[in-house]
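Residue numbers run from 1 in the order of the sequence given. Atoms considered below: every heavy atom in the structure, side chains included; atoms not considered: hydrogens, waters and symmetry mates. All values reported here derive from a predicted model rather than from experimental measurement.
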Amino acid sequence: DVYFVWFEHVFIVRIFLIFATPHVNYRSRTSILCYNHIMSKRYIEVGAICHVYNRGVEKRSVFSHGKDYLRFIHGLFEFNDETPTCNTLYYLEQTKNIEVGLRYSGVDSRIPLVEILAFVLMPNHFHLMLRQIREGGVTEFMRKVGTGYTNYFNKKYDRVGPLFQGKYKSVTLVSESHFINLPYYIHSNPLDLLLAQRKGGASPKERLELLASYKWSSFSDYIGNQNFPSVTQRDFLLDLFGGERRHKKDFQEWLTARE
């Protein structure tokens with residue numbers, strides 16, 4: 001099979017955006033990216049984008065308190081580094097309101113393993129959209145995130161053993177449809193939970209507001225409301241979606257189409 005390396009993917013996307021349309025119509029576009037090559041499930045190419053997810057063992061809750069969510073999100077930032085990570089739990093516990101992008105370990109320079117394009121944390125599972133930028137980056141990043149959070153959780157709640165259902169699951173994106181829709185899927189994940197808490201229906205606009213109010217997600221940062229802006233690298237997707245205002249409008253239309 002013939003395939004393009006990542007910079008050629010980006011080039012194709014950007015040329016299309018410049019000469020064809022200022023934003024992506026995710027319902028009508030059918031062939032921008034050339035993702036038709038086959039990848040081994042065990043090997044992720046540098047530049048590839050993948051959907052990474054996992055849930056608690058026996059579907060148990062893995063986030064029981066706001067500090068648990070903060071600890072995991074802080075780990076997304078702190079462990080995205082080739083260099084060893086200092087113990088930052090002390091700083092997290094001492095700070096009531098943090099923006100997790102701050103480098104509490106005191107190290108200014110970083111060598112990221114991946115680009116975190118989007119994330120959401122739910123009570124018993126998580127979803128990440130990652131782009132690998134170093135050989136073995138996704139594997140190393142997820143090893144550090146998973147081990148670090150499990151150690152924290154087991155110590156805090158006086159438990160032993162695995163917290164998640166085995167190794168994380170990873171799906172490399174091989175179609176444009178998957179690539180375009182994955183951020184919508186990730187960021188809409190809390191909707192059922194939020195609607196259940198609301199105990200009633202909601203218009204697409206109200207659903208959008210509910211999702212924007214959900215703290216444990218990168219969605220707010222994509223529509224111009226800073227939440228955890230230092231955790232994600234958003235320029236690529238925002239260029240693709242036509243900016244924050246356009247993406248907010250398109251997301252509401254996406255919710256409307258799924259009523």
Side-chain angles (χ1 to χ4, degrees), residues 9-10 12-33 35 49-53 55 63 69 73 115-131 169 171-229 231-259:
H9 293 173
V10 176
I12 292 169
V13 172
R14 291 185 182 278
I15 290 298
F16 186 94
L17 293 174
I18 291 171
F19 292 102
T21 179
H23 66 279
V24 173
N25 184 330
Y26 49 85
R27 289 182 296 275
S28 62
R29 297 260 312 286
T30 58
S31 57
I32 300 174
L33 302 181
Y35 273 84
I49 294 178
C50 53
H51 176 200
V52 175
Y53 56 96
R55 68 168 60 222
F63 305 108
Y69 289 94
I73 294 172
E115 288 182 353
I116 304 172
L117 302 181
F119 73 87
V120 67
L121 310 185
M122 300 297 293
N124 70 347
H125 66 279
F126 65 83
H127 293 275
L128 309 173
M129 185 176 184
L130 305 178
R131 177 159 62 179
K169 314 304 184 291
V171 178
T172 301
L173 307 192
V174 294
S175 72
E176 182 204 351
S177 176
H178 195 180
F179 172 76
I180 294 296
N181 284 285
L182 182 58
Y184 290 86
Y185 170 76
I186 288 176
H187 287 150
S188 64
N189 222 253
L191 191 56
D192 287 344
L193 175 65
L194 295 170
L195 288 174
Q197 293 173 347
R198 178 188 175 96
K199 298 181 180 179
S203 68
K205 182 179 180 181
E206 291 171 329
R207 293 184 181 195
L208 186 76
E209 292 171 351
L210 285 173
L211 291 173
S213 71
Y214 189 74
K215 187 173 181 63
W216 317 119
S217 160
S218 53
F219 180 59
S220 288
D221 293 309
Y222 270 96
I223 59 172
N225 303 325
Q226 289 196 351
N227 189 28
F228 299 115
V231 174
T232 51
Q233 291 70 55
R234 299 178 300 283
D235 288 348
F236 174 71
L237 286 181
L238 284 176
D239 283 350
L240 191 64
F241 291 135
E244 294 170 348
R245 294 181 65 182
R246 181 71 205 191
H247 182 50
K248 184 175 182 179
K249 181 176 183 295
D250 283 347
F251 207 103
Q252 185 169 322
E253 292 178 0
W254 185 85
L255 292 171
T256 301
R258 279 151 182 76
E259 279 193 313

So do the side chains of [X] and [Y] get within less than 4.5 Å of each other, counting heavy atoms only?
X	Y	answer
Leu173	Met129	yes
Ile73	Phe119	yes
Glu253	Pro204	no
Asn189	Tyr53	no
Pro123	Tyr69	yes
Phe219	Ser188	no
Lys248	Gln252	no
Leu255	Leu191	yes

Next on the checklist: Measuring centre to centre across the rings, with the benzene-like ring taken for any Trp, is His178 within less than 6.0 Å of Tyr185?
Outcome noted: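 Between His178 and Tyr185, the centre distance exceeds or equals 6.0 Å.
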Quick one: does any side-chain atom of [X] pair with a main-chain N or O of [Y] as donor and acceptor, under 3.5 Å?
X	Y	value
Thr232	Ala118	no
Arg55	Asn124	no
Asn227	Asp221	no

How many angstroms lie between [atom1] in [X] and [atom2] in [Y], if you round to the nearest 0.5 Å?
X	Y	atom1	atom2	answer
Arg234	Asp239	CZ	CG	12.0 Å
Asp250	Thr256	CG	OG1	11.0 Å
Met122	His127	CE	NE2	8.0 Å
His125	Lys169	NE2	NZ	12.5 Å
Glu244	Asn225	CD	CG	8.5 Å
Ile116	Leu130	CD1	CG	6.5 Å

Item to check | Heavy-atom closest contact (Ala212 atom, Ser220 atom, distance) | outcome: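 In terms of heavy atoms, the two residues are closest at O-OG, 2.7 Å.
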Checklist entry - If you look at every heavy atom in Ile186 and Val120, which pair is closest and at what distance? => result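 Of all heavy-atom pairs spanning Ile186 and Val120, the closest is O-CG1, 3.4 Å.
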Next on the checklist: Could you work out, with side chain to side chain contact (heavy atoms under 4.5 Å, CB included) as the rule, every residue matching Glu115, not counting sequence neighbours?
Outcome noted: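 Glu115 satisfies side chain to side chain contact (heavy atoms under 4.5 Å, CB included) with Leu117, Arg131, Ile133, Gln233 once adjacent residues are dropped.
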Item to check | Set of ring pair (Phe, Tyr, Trp, His ring centres under 6.0 Å) partners for Tyr222, sequence neighbours left out | outcome: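 Only His187 meet the ring pair (Phe, Tyr, Trp, His ring centres under 6.0 Å) criterion with Tyr222.
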Checklist entry - What residues, two or more places apart in sequence or in another chain, satisfy salt bridge (charged side-chain N to carboxylate O under 4.0 Å, His left out) together with Glu209? => result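 Scan of Glu209 (salt bridge (charged side-chain N to carboxylate O under 4.0 Å, His left out), adjacent residues dropped) gives none.
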Item to check | Flag if over 12 foreign heavy atoms under 6.0 Å of CD, Gln226 | outcome: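 Open: at most 12 neighbouring heavy atoms sit under 6.0 Å from CD of Gln226.
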Next on the checklist: Checking ring-ring contact (aromatic ring centres under 6.0 Å, His included) between Phe241 and each of Tyr184, Phe251, Phe179, which is the one that passes?
Outcome noted: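 Answer to the ring-ring contact (aromatic ring centres under 6.0 Å, His included) test with Phe241 among Tyr184, Phe251, Phe179: Tyr184.
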